[in-house]
Amino acid sequence: MYIPVFWKDRIVQYPRRFAHESLGNGLYEVKPAPGEIEQRGTQQSATNFGNMDFGTLENALMAAFMSMNLRLMQDSVDDMRGQIITAELTNTLKFPATNAEKTITLPRMVNNTDYSVEAEIVSSDGPVERVETYGKALNAFKVCYSGSARKVALKLHVTGGLY
């Protein structure tokens, strides 16, 4: 864990005072002449600056870890929210036979076939006994119904399978 360095300024009696000494030929050597040192200040060393670098690296790693966790949480929320698809199935055979089967393409491809599909009947022109989903793939699944209805409009709620 990062251990902060509590930096202290160097405090002197005369911070901007300099002494100059003539070297001849119009050249002068300028040297600081601060007077009394009231507070030494923190040493500017590789140890102290390296500690700052370590703290910066640690903060960057924590930020990356938090953003990764945030992304995973967003993925989980998206997975629970799911996808909603509407479909209309038509049966052209006489009851009890049925050919009302349709392949539904997922608007957003999933990563695994461990997703659930719940069917909601929006409208039908007759009785519907049950709606069945099967043949799940990463990009589509099949849906059919049994009953004497000729046309059935469905709202399909797809949840899971994304992450």
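Only heavy atoms go into these numbers, but all of them, side chains included; no hydrogens, no water, no symmetry mates.
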Using a 3.5 Å distance criterion without hydrogens, assess whether the side chain of Asn139 forms a donor-acceptor pair with backbone atoms of Met109.
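It does not hold such a pair.
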Can you name the residues that form a side chain to side chain contact (heavy atoms under 4.5 Å, CB included) with [X], not counting sequence neighbours?
X	answer
Leu27	Leu23
Pro4	Tyr2, Phe6
Ala140	Thr103

Let me confirm one number: the CZ-OG distance from Arg150 to Ser124, rounded to the nearest 0.5 Å.
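That separation rounds to 13.0 Å.
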Should side-chain heavy atoms under 4.5 Å link Ile, Leu, Val, Met, Phe, Trp and Tyr, which residues sit in the same cluster as Leu93?
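Reading the cluster by chain and number, Leu93 sits alone, since nothing else belongs.
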Shared-cluster residues of Met66, by chain and number - hydrophobic side chains joined below 4.5 Å
Phe65, Met68
Can you name the nearest heavy-atom pair linking [X] to [Y], along with the distance?
X	Y	answer
Ala87	Ile104	CB-CD1, 3.5 Å
Leu156	Ala119	CD2-CB, 3.7 Å
Cys144	Leu89	CA-CD2, 3.8 Å
Ala137	Val110	O-CG2, 4.2 Å

Are [Y] and [X] linked, directly or through intermediate hydrophobic residues, by side-chain heavy-atom contacts shorter than 4.5 Å (ILVMFWY only)?
X	Y	answer
Val158	Ile121	yes
Val117	Ile84	no
Phe95	Val152	no

For atom CE of Met73, decide whether the heavy atoms of other residues, nucleotides or ligands shown that lie under 6.0 angstrom number more than 12.
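At most 12 heavy atoms, drawn from other residues, nucleotides or ligands, come within 6.0 Å of this atom.
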List the atom pairs, with distances to 0.1 Å, where a side-chain N or O of residues 11-18 and a protein N or O form a donor-acceptor pair under 3.5 Å, not counting sequence neighbours.
residue	atom	partner	partner atom	Å
Gln13	OE1	Glu36	N	3.1
Arg17	NE	Ala33	O	2.9

Applying salt bridge (Lys or Arg N to Asp or Glu O under 4.0 Å), which residue pairs with at least one partner in residues 61-77 are found, sequence neighbours left out?
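Listed once each, the pairs are Arg71-Asp75.
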Pair listing, salt bridge (Lys or Arg N to Asp or Glu O under 4.0 Å) test, anchored in residues 127-143, at least two apart:
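Qualifying pairs: Arg130-Glu132.
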Please output the side-chain donor-acceptor pairs of residues 37-57 that fall under 3.5 Å, not counting sequence neighbours, one pair per line with the distance.
residue	atom	partner	partner atom	Å
Gln39	NE2	Asp9	O	3.0
Thr42	OG1	Lys8	N	2.7
Ser45	OG	Asn48	N	3.4
Asn48	ND2	Gln43	O	2.7
Asn51	ND2	Ile3	O	2.5
Thr56	OG1	Met52	O	3.0

Summary of ring-ring contact (aromatic ring centres under 6.0 Å, His included) pairs that have at least one residue in residues 21-45, sequence neighbours excluded:
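Checked against ring-ring contact (aromatic ring centres under 6.0 Å, His included) - neighbours excluded - the pairs reaching residues 21-45 are His20-Tyr28.
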Mind jotting down which residue pairs meet the side chain to side chain donor-acceptor pair (under 3.5 Å) criterion with at least one end in residues 105-120? Sequence neighbours excluded, please.
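As it turns out, the side chain to side chain donor-acceptor pair (under 3.5 Å) pairs with a partner in residues 105-120, which skip direct neighbours, are Arg108-Tyr163, Ser116-Thr159, Glu120-His157.
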Using the side chain to side chain donor-acceptor pair (under 3.5 Å) rule, collect all pairs that involve residues 81-100, keeping only residues at least two apart or in two chains.
Asp78-Arg81, Thr92-Asn99
Are side-chain heavy atoms of Val143 and Leu154 found at a separation under 4.5 Å?
yes
